[in-house]
Amino acid sequence: PPLMPVLSATGLMKSFGGILAVNDASIEVTQGSITGLIGPNGAGKTTVFNLLSNFIQPDRGRVLFDGEPIERLPPYQIAQRGMTRTFQVARVLSRLSVMDNMLLAAQQQTGEKFWSPWFLPGRIAKEENAARDRAVEILESVGLAAKANDYAGALSGGQRKLLEIARALMTRPKLVLLDEPAAGVNPTLIHQICEYITYWNRQGLTFLVIEHNMDVIMSLCDRVWVLAEGTNLAEGTPAQVQSDPKVLEAYLGS
Ligand code: ATP
């Protein structure tokens, strides 16, 4: 049977003042895949992420998630439906512990008020215990368990990126959008981040990944979409895309 697209966006348009940042771009993400989104600097990749998650509203275009249109939903409702994201520069809450960053993500998802920085030890809700168990499991899976009680602000840049991924997993999403998970990360940790993403993909999670590091794209992705100047340039397996003359030209030209 043909594989279902979990996400399908068509005809995305966005201009900022006079600049047409995204011009009739489309993308499809198959259920269970790790799909890459690549392109030269300024191609519109981050803007596409912002349009998919509705952090920025598209001027035009349709976004279907699980077959339902979501382009008019606020970002928190999109997250509740199972699509979460990370940012190019990790946005963690520096003055909270790693664990509290994780618990806050769970609370934001359910809207429940079990989490509080001032909670009384005797009154921990059942939901908080469940969230803590899940947080420990996820932190272990990304090598951050030993840092659970450290301030998030004390983590290295790469560890912050891992925490952002871990936090995205707290909400049991179907699809995670990763914005440059390897940028500014040392080679050893890049290799580990790839292994963690692969691990969660095997657990059934689908990923859409923006990344400039071609080794990462090649080793992780099932399919790759290439943007240039805000529009689709190519789409295919990593090997097909890498040997596509149009793609090579776009990269060399930039
Ligand atoms: P990079 O790989 O360098 O991160 P990108 O492919 O993610 O680039 P975008 O950041 O989406 O590209 O930018 C696409 C174009 O839109 C660029 O010309 C950029 O300057 C412009 N742009 C993006 N966001 C804004 C904004 N908020 N206001 C004005 N112009 C913007």
Side-chain angles (χ1 to χ4, degrees), residues 7-29 34-63 65 70-72 74-75 78 83-92 157-158 160-162 164-165 168 175-187 189-190 193-194 197 207-221 223-236 238 240-242 244-254:
L7 182 78
S8 158
T10 47
L12 289 176
M13 292 277 224
K14 185 68 192 180
S15 58
F16 299 103
I19 300 166
L20 196 52
V22 174
N23 182 10
D24 196 21
S26 301
I27 189 161
E28 195 171 278
V29 179
I34 303 178
T35 299
L37 178 57
I38 67 168
N41 288 320
K45 305 178 295 294
T46 298
T47 305
V48 164
F49 260 28
N50 286 329
L51 298 177
L52 295 175
S53 51
N54 220 356
F55 276 74
I56 293 175
Q57 276 143 18
D59 297 335
R60 247 197 267 164
R62 169 122 282 205
V63 183
F65 180 59
I70 59 163
E71 68 272 0
R72 301 205 182 280
I78 293 175
M83 181 166 119
T84 58
R85 65 170 297 181
T86 67
F87 291 87
Q88 217 165 316
V89 177
R91 298 185 180 181
V92 300
R160 268 180 236 198
K161 293 209 135 181
L162 276 179
E164 231 199 0
I165 297 171
L175 172 66
V176 180
L177 311 184
L178 301 174
D179 197 348
E180 297 198 30
V185 176
N186 73 61
L189 192 51
I190 287 178
I193 288 178
C194 288
I197 293 169
F207 289 94
L208 176 61
V209 188
I210 294 177
E211 189 48 67
H212 281 287
N213 184 322
M214 279 304 146
D215 294 338
V216 169
I217 290 291
M218 290 294 143
S219 69
L220 272 186
C221 295
R223 282 203 97 64
V224 181
W225 292 72
V226 189
L227 283 187
E229 294 176 6
T231 200
N232 294 70
L233 186 69
E235 184 259 322
Q240 283 168 344
V241 156
Q242 201 180 29
D244 186 327
K246 289 194 304 277
V247 176
L248 295 172
E249 195 188 314
Y251 272 91
L252 292 174
S254 76

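No experiment lies behind these values; they were computed from the predicted model shown. When a ligand or atom number is given, it counts from 1 through the structure's own listing order.
Using modelled atom types, no side-chain atom of Lys14 and backbone atom of Gly230 make a donor-acceptor pair closer than 3.5 Å. Between the Asp179 side chain and the Thr86 main chain, no donor and acceptor come within less than 3.5 Å of each other. A donor-acceptor distance shorter than 3.5 angstrom exists from the side chain of Asn232 to the backbone of Ser26, with no hydrogens or angles considered. Checking side-chain atoms of Lys45 against main-chain N and O of Gly39 turns up a donor-acceptor pair under 3.5 Å.
Counting only heavy atoms of the protein, atom 8 (O) of ligand 1 lies nearest to Gly42 N, 2.9 Å. Atom 13 (O) of ligand 1 has its closest protein heavy atom at Thr47 OG1, 3.9 Å. The single protein non-hydrogen atom nearest to atom 4 (O) of ligand 1 is Gln88 NE2, 3.6 Å, given as residue, atom name and distance. The protein atom (non-hydrogen) at minimum distance from atom 10 (O) of ligand 1 is Thr46 CB, 3.9 Å. Protein heavy atom in closest approach to atom 3 (O) of ligand 1: Asn41 OD1, 3.2 Å. Regarding atom 23 (C) of ligand 1, its nearest protein heavy-atom neighbour is Phe16 CE1, 3.6 Å.
For the ligand labelled ligand 1, residue His212 lies inside the 4.0 Å heavy-atom shell.
Taking a cut-off of under 4.0 Å to the non-hydrogen atoms of Ala43, the atoms of ligand 1 that pass are 5 (P), 6 (O), 12 (O).
Comment: Glu71 engages Arg62 in a salt bridge, judged by a side-chain N to carboxylate O separation of less than 4.0 angstrom.
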query = side chain to side chain contact (heavy atoms under 4.5 Å, CB included) between Met218 and Val224: does it pass, once the steps are laid out?
reply = CA-CA 9 Å; Met218 290 294 143; Val224 181; 6.0 Å; no
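Screening Ile34, Val176, Leu177 for a side-chain contact (heavy atoms from CB on, under 4.5 Å) with Val209, the sole residue that qualifies is Ile34.
Considering backbone and side-chain atoms alike, Ala21 places every N or O at 3.5 Å or more from each N or O of ligand 1. For the pair Gly44 and ligand 1, the shortest N or O to N or O distance falls below 3.5 Å.
Within a 6.0 Å radius of CD in Glu28, more than 12 heavy atoms belonging to other residues, nucleotides or ligands are found.
Inside a 4.0 Å radius of atom 26 (C) of ligand 1 there is at least one protein heavy atom.
Evaluated by nearest non-hydrogen atom to atom 2 (O) of ligand 1, the leading choice among Lys45, Glu180, Lys14 is Lys45.
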